[in-house]
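Chain identifiers are assigned alphabetically (A, B, ...) following the order of the sequence lines, protein sequences preceding nucleic acid strands; residue numbering begins at 1 within each chain.
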Amino acid sequence: MRLSKSFVPTLKEVPADAVIPSHILMVRAGLVRMLSAGIYSFLPVGYKMIKKISDIIREEMDAIGGQEFHLPALNPKEIWEETGRVEAFGDTMFHIKNREYVLAPTHEEIMTFHAKGVVKSYKDLPQIWYQIQTKFRNEPRPRSGVIRGRQFLMKDAYSFDVSYEALDKSYELHDQAYRKIFDRCGLKYFVVGASSGAMGGSKSEEFMVKSDAGEDTVAYCEKCGYAANIEVAESVIQPIVRHSESKQIEKISTPNIKSIDELCEFLKIDHRETAKSRIYIHDDKPVLVLMSGNDEVNETKLERVLGGNVRPGHPEELKEITGADAGSIGPIGFKGRIIADNRLKDGNNLYSGANENDFHIGGIDLKRDVPTVEYFDLRTVESGEGCVNCKSPIDVFKAIELGHIFKLGTKYTDALGVNYLDENGKEHPIVMGSYGIGVERVLACYLEQNHDERGIIWNENLTPFHIHLIGLNMKNDEINSASSNLYNELTKEGYDVLFDDRLDASAGFKFNDADLMGIPIQVVVGEKNYKNGNVEIKIRRTGKKEVVALSNLKSKLRELLNHLTHKH
RNA sequence: CGGGGCGUAGCGUAGUCCGGUUAGCGCGCCUGCUUUGGGAGCAGGAGGUCGCAGGUUCGAAUCCUGCCGCCCCGACCA
């Protein structure tokens, strides 16, 4: 491709709207342009990337027996009403104004619809159906470039099986296929076991990439691979010690002391000697939650423990409930249910609020003074704590969800009445699995992991071109014809070459654009080297430059690009 | 939806607090000449409903009101 005739609008400066590296690079390297919040146009080079990633996904899906569909984005609302998902999606689903259609946010219903009455016999099963298409979701807040958009490309696959045992096999196939896909894309990822929530499935796994731009927080153990969403993650921590002798309760004046840190500073005590109180409202009744020091309440765990509706108490209602404002609340004298984190179990000589502003109470013995207290795992794990599997320090960080596989069961086949007949002529609902990959997220995650201060660094599998050929001074006839000839020859060899043949662009301009675009190998034809029969090769990832005789160029390129031109 | 920030030429921005020439600068773009190994130089030029709509004022990019758009944090995210 000749750059002089191509639409690759690179930018020297960082666009004002972009914040995270992948977003900045996509815009700067001319891959995408925003049309509206969460809605992006892919420009020719960017679209080429999408096709590369899609092809990798396609190959691995086909390898496990997947069959590709092309499905409508415009769906009759009726079919979504049958599964109750118009209501479930709520405002997240786009509705068409002048006809009873919706824009598909995913495709379980449509795939299931097509299975109905056609896949009728156990002999027809299993099936794996997939598609790589645009989905629409009315996200309240699109963000981070293409990572959360209102319109996005998703590969979604659905498996149809005779039983849960058979589903296990389809699930396993996808698990393996996903690992191959992400490996081939060169991503550093990890797998988190997750609950599949309202999808009604049993087992599910998320494929995640560590990133500050992520929307999930996970705990991960580098050593043994333990990974869990922060909402459910557990860790090994030191419980507080129970002293052999319990002190007496004493009320202490603590003017203007609100936080645990201030309290520790004021009384010259350790965090672990304090019990922090949080008030939650559970089904209209206040519950006091005690945590050790600055440990954070994990509200997901709390909800699981309590059941029903749980919300934090509003600051205004605290005084009425406890007699004090936040910062001075404690278990002594609290009328209502008191629960505490396991870490505090049977603690004594503890300091907590006095339920009177500007006072705390010391010498609290939970066994003696708070006999009704119940203990649960209520805390949010933190970096550095012990892995529950191997005791190594775990890491807590944000991550982007790239893909999700889960065992769906019969939710949709039940709702839509999609059954098959077994060997005995008996009817059963087909058992489904559902498997998604965010295609743009693969691209974004790759960029998050593979860039430097100069720009993108493509790997061999994803790069939009094999070689970036740069003719330095195209107004020099000799360079012009030499680089043009080289372009034709390399193209004939089967290489996909991006040829910077721009007449006016200066050398530095071309070098910087090349580094920004990140094609793995740059071949530079300039006067200095060419008059000695040489060109220069630069490896983008390492920055290493080498002068090569023109006569050796092809063999050198073969050597460098051997593994990526296996198709030729 | 709550909180914060921003909106001035294709891109990045100054000016806004404290109203007052023809709205400035850098990059990019067009023409010509020179230049070509790390975002060239000189000369000339084009390009603006200052997000939109009202209002205050002799006068509004600037002050007031409403709306729209974009970004960030939070809520939400089968």
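A:Asp17 has its CG atom 12 Å from the C1' atom of B:G12, to the nearest Å. Atom CG of A:Leu516 is separated from atom P of B:G38 by 18 Å (rounded to the nearest Å). For the pair A:Asp500 CG and B:G39 P, the computed distance is 15 Å after rounding to whole Å. The interatomic distance linking A:Lys475 (NZ) with B:G41 (P) rounds to 14 Å, in whole Å. For A:Arg141 and B:G69, the CZ to P distance is 16 Å, given to the nearest whole Å. Residue A:Arg150 contributes atom CZ, which lies 11 Å from atom C1' of B:G69 at whole-angstrom precision.
Set against B:G38, B:G26, B:C70, the side chain of A:Glu13 has B:G26 as its closest nucleotide. Checked against B:G74, B:U36, B:C71, the side chain of A:Val19 finds its nearest nucleotide in B:C71. The listed nucleotides are B:G39, B:G37, B:C76; the one nearest the side chain of A:Ala507 is B:G37. The side chain of A:Met34 lies closest to B:C70, out of B:G38, B:C70, B:G39. Listed nucleotides: B:C70, B:G74, B:G37. Nearest to the side chain of A:Ser36: B:C70. Comparing B:C76, B:A40, B:G12 by their nearest atom to the side chain of A:Pro140 picks out B:C76. Of the listed nucleotides (B:C11, B:G39, B:A40), B:A40 has the atom at the smallest distance from the side chain of A:Ser506. Taking the side chain of A:Pro15 as heavy atoms from C-beta on, and the options B:G12, B:C77, B:G74, the nearest nucleotide is B:G12. Of the listed nucleotides (B:C1, B:G39, B:C71), B:G39 has the atom at the smallest distance from the side chain of A:Arg28.
Across the strands present, B:U22 finds no partner; the criterion is a Watson-Crick or G-U wobble pair with both atom distances under 3.5 angstrom. Remark: B:G2 base-pairs with B:C73. Criterion, Watson-Crick or G-U wobble with two distances under 3.5 Å. The base-pairing partner of B:G48, taking Watson-Crick or G-U wobble contacts with both distances under 3.5 Å, does not exist among the strands shown. Of all nucleotides present, only B:U34 satisfies the Watson-Crick or G-U wobble test against B:A40, with each distance under 3.5 Å. Base pairing of B:U57 is not made with any nucleotide, judged by Watson-Crick or G-U wobble geometry with both donor-acceptor distances under 3.5 Å. The pairing partner recorded for B:G10 is B:C27, the criterion being a Watson-Crick or G-U wobble arrangement whose two distances lie under 3.5 angstrom.
Spacing between B:A23 and B:C18 at atom P, rounded to whole Å, works out to 24 Å. On the P atoms, B:A9 is 8 Å away from B:U49, given to the nearest whole Å. One C1' atom belongs to B:G15, the other to B:C6, and the distance between them is 16 Å to the nearest Å. Atom name P, nucleotides B:C58 and B:G19: the rounded distance is 15 Å, in whole Å. One C1' atom belongs to B:G39, the other to B:C11, and the distance between them is 14 Å to the nearest Å. For the C1' atoms, the distance from B:G26 to B:C63 is 30 Å, rounded to whole Å. Across the P atoms, B:G48 and B:C52 are found 14 Å apart, a figure rounded to whole Å. Using atom C1' as the reference point in both B:G69 and B:C25, the two lie 26 Å apart (nearest Å).
Across all strands shown, A:Lys538 has heavy atoms under 4.0 Å from base atoms, whether or not it also approaches the sugar-phosphate.
On a pure distance criterion of 3.5 Å, no polar donor-acceptor pair joins the side chain of A:Asn473 and the base of B:G37. A donor-acceptor contact under 3.5 Å is not formed by the side chain of A:Lys545 with the base of B:G37.
For the side chain to side chain contact (heavy atoms under 4.5 Å, CB included) criterion with A:Ile24, the lone passing option out of A:Asp17, A:Leu11, A:Val14 is A:Val14.
Proximity of the aromatic rings of A:Tyr158 and A:Trp129 is defined here by a centroid distance below 6.0 angstrom, and this criterion is not met.
In this structure, A:Pro312 and A:Glu299 have side chains that are in contact, with non-hydrogen atoms separated by less than 4.5 Å.
Both the sub-6.0 Å distance and the 45° axial angle are not jointly satisfied by A:Lys135 relative to the ring of A:Phe152.
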Apply side-chain hydrogen bond (donor to acceptor under 3.5 Å, both in side chains) to the pair A:Tyr446 and A:His451, showing each step before the final yes or no. CA-CA 9 Å; A:Tyr446 179 85; A:His451 67 270; over 6 Å; no
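Classified by interplanar angle (parallel below 30°, tilted 30° to 60°, perpendicular above 60°), the ring pair A:Phe207/A:Phe182 is tilted.
Within 6.0 Å of CG on A:Asn532 lie more than 12 heavy atoms contributed by other residues, nucleotides or ligands.
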